[in-house]
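In this chain, residues are counted from 1 in sequence order. Both counts, for ligands and for their atoms, begin at 1 and track the order of listing.
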Amino acid sequence: MEGPREQVTENDIIRIDDLPIRDELKGKSPYGAPQLDVPVQLNTNENPYPLPEPLVARIAERVAEAARGLNRYPDRDAVELRTELAAYLTRTGGHRVGVENVWAANGSNEVLQQLLQTFGGPGRTAIGFEPSYSMHALIARGTGTGWISGPRNDDFTIDVEAAVQAIAENAPDVVFVTSPNNPTGTAVEADTVLALYEAAQAAKPSMVVVDEAYVEFSHRESLLPLLEGRPHLVVSRTMSKAFGAAGLRLGYLAAHPAVVDAVQLVRLPYHLSAVTQATALAALEHTDTLLGYVEQLKAERDRLVTELRAIGYEVTESDANFVQFGRFDGAEGSHEAWRKILDRGVLVRDNGVPGWLRVTAGTPEENDAFLDAVRELMKEQER
Ligand SMILES: *Cc1c(COP(=O)(O)O)cnc(C)c1O
């Protein structure tokens with residue numbers, strides 16, 4: 001038996017930066033939205049509806065089946081799952097996609113990480129047009145890829161001319177385009193993607209990654225058909241948002257078969273567990289039910305836009321399951337508003353876009369609670 005532990009002294013406290021970590025990680029904080037325990041949580045763009053019971057039962061069935069084989073490694077290439085994802089994309093994306101065009105991983109964040117491990121890395125760079133999804137820059141950092149912050153217009157659309165110029169000047173190895181964009185909700189026109197793709201090919205050639213995490217909520221069609229004849233284009237997708245399965249951790253991409261072969265150079269062996277594959281396959285059997293919720297959420301999103309404007313807020317046009325609203329007085333103003341909305345029991349997201357906040361479309365009751373809170377806030381400001 002060991003004796004009692006000695007008291008921890010000041011000298012024993014080791015901070016992250018005291019460890020021999022990589023220079024680019026020093027002084028940094030991990031990604032994460034503050035998750036506070038309040039009644040209405042509209043801060044992480046999740047689907048507010050739990051999975052329907054018949055699907056829960058089907059997941060239990062398929063997972064039980066998978067459990068009987070857990071002494072073996074899973075299908076390394078996730079062929080059955082990729083086949084079903086390809087069928088889903090073909091059915092909904094306006095473009096025929098086969099199993100050879102699809103790759104899957106633990107969330108689209110892992111897909112993006114694999115893409116940067118393959119096409120980025122030390123001595124290479126990636127560009128994104130900000131404000132956009134902050135994980136693109138963080139995954140770049142984690143993979144040793146240099147990050148270039150590209151411009152946007154004041155209305156948060158991509159300034160095509162400036163973007164093309166930034167690509168020509170920097171010749172990045174990877175170009176990120178998020179459509180609909182997070183946190184602004186802005187959809188990107190196909191013509192814009194084509195212009196960026198042309199510029200990227202002329203400058204390098206480089207890979208163009210279209211992050212379509214929210215595309216099921218969009219007023220527009222998917223950009224998937226642009227894959228035709230463009231081997232350097234990748235479309236990434238996720239089951240975290242429209243499918244209401246953020247806890248599952250399943251993301252995927254569609255691209256030329258050569259891209260699917262290339263990312264396999266960096267994937268860890270057996271990266272996608274048999275349990276994950278079985279659960280995702282069960283969810284894909286219930287696509288129609290799940291996408292039914294999407295229609296409700298789109299209607300709620302549109303209601304949020306209309307009501308926020310009626311109250312007197314500015315709203316950025318949204319094609320996603322969230323809405324960016326303002327304007328507040330700079331970064332301090334948006335943070336103060338965030339706090340006051342929180343005081344009323346509603347958690348929204350302060351994405352660090354000065355003057356703006358982002359709210360996720362929740363259930364009608366949650367959205368009502370949010371609208372009541374911001375109505376009061378507006379009255380208070382008018383006083
Ligand atoms: C939420 C989100 C993702 C999803 O990440 P997962 O790892 O699939 O949960 C990807 N891209 C954007 C822009 C997002 O907002």
Under 3.5 Å between some N or O of ligand 1 and some N or O of Y214?
-> yes
Residues pairing under salt bridge (Lys or Arg N to Asp or Glu O under 4.0 Å) where one sits in residues 260-284, two or more places apart or in two chains, turn out to be D77-R267
Atoms of ligand 1 close to S240 [distance to a heavy atom under 4.0 angstrom, numbered from 1] | 6 (P), 8 (O), 9 (O)
Does NZ or CZ of R152 come closer than 6.0 Å to the centre of the six-membered ring of F129, within 45° of the ring's axis?
-> no
When only distance counts, is D211 in polar contact with ligand 1, meaning an N/O pair under 3.5 Å?
-> yes
Using a 4.0 Å heavy-atom threshold (strictly under), name the region of N109 that reaches ligand 1: side chain, backbone, both or neither.
-> both
Shortest reach to atom 5 (O) of ligand 1 by a heavy atom, considering only P180, A245, S108 | S108
What do you reckon, does T238 have a nitrogen or oxygen under 3.5 Å from a nitrogen or oxygen of ligand 1?
-> yes
Can you say whether the rings of F156 and W356 are parallel (under 30°), tilted (30 to 60°) or perpendicular (over 60°)?
-> perpendicular
For T178 and ligand 1, answer yes if some heavy atom of the residue is under 4.0 Å from a ligand atom, otherwise no.
-> yes
Going by heavy atoms in the side chains, are F328 and Q381 under 4.5 Å from each other?
-> yes
Heavy-atom contact under 4.0 Å between R249 and ligand 1?
-> yes
Under 4.0 Å to a heavy atom of A213 - the qualifying atoms of ligand 1, by number = 2 (C), 3 (C), 10 (C), 11 (N), 12 (C), 14 (C)
Should the ring pair Y49 and Y293 be called parallel, tilted or perpendicular, given that the plane angle runs from 0 to 90° and is split at 30 and 60?
-> parallel
Report yes if some heavy atom in the side chain of V210 is under 4.5 Å from a heavy atom in the side chain of V234; otherwise report no.
-> no
Close side-chain approach of D319 and Y214, heavy atoms under 4.5 Å | no
For ligand 1, is there an N or O atom under 3.5 Å from any N or O atom of H136?
-> no
Sub-4.0 Å atoms of ligand 1 with respect to non-hydrogen atoms of K241 = 1 (C), 2 (C), 3 (C), 4 (C), 14 (C), 15 (O)
For I14, does its backbone N or O pair with a side-chain atom of D18 as donor and acceptor, under 3.5 Å?
-> no
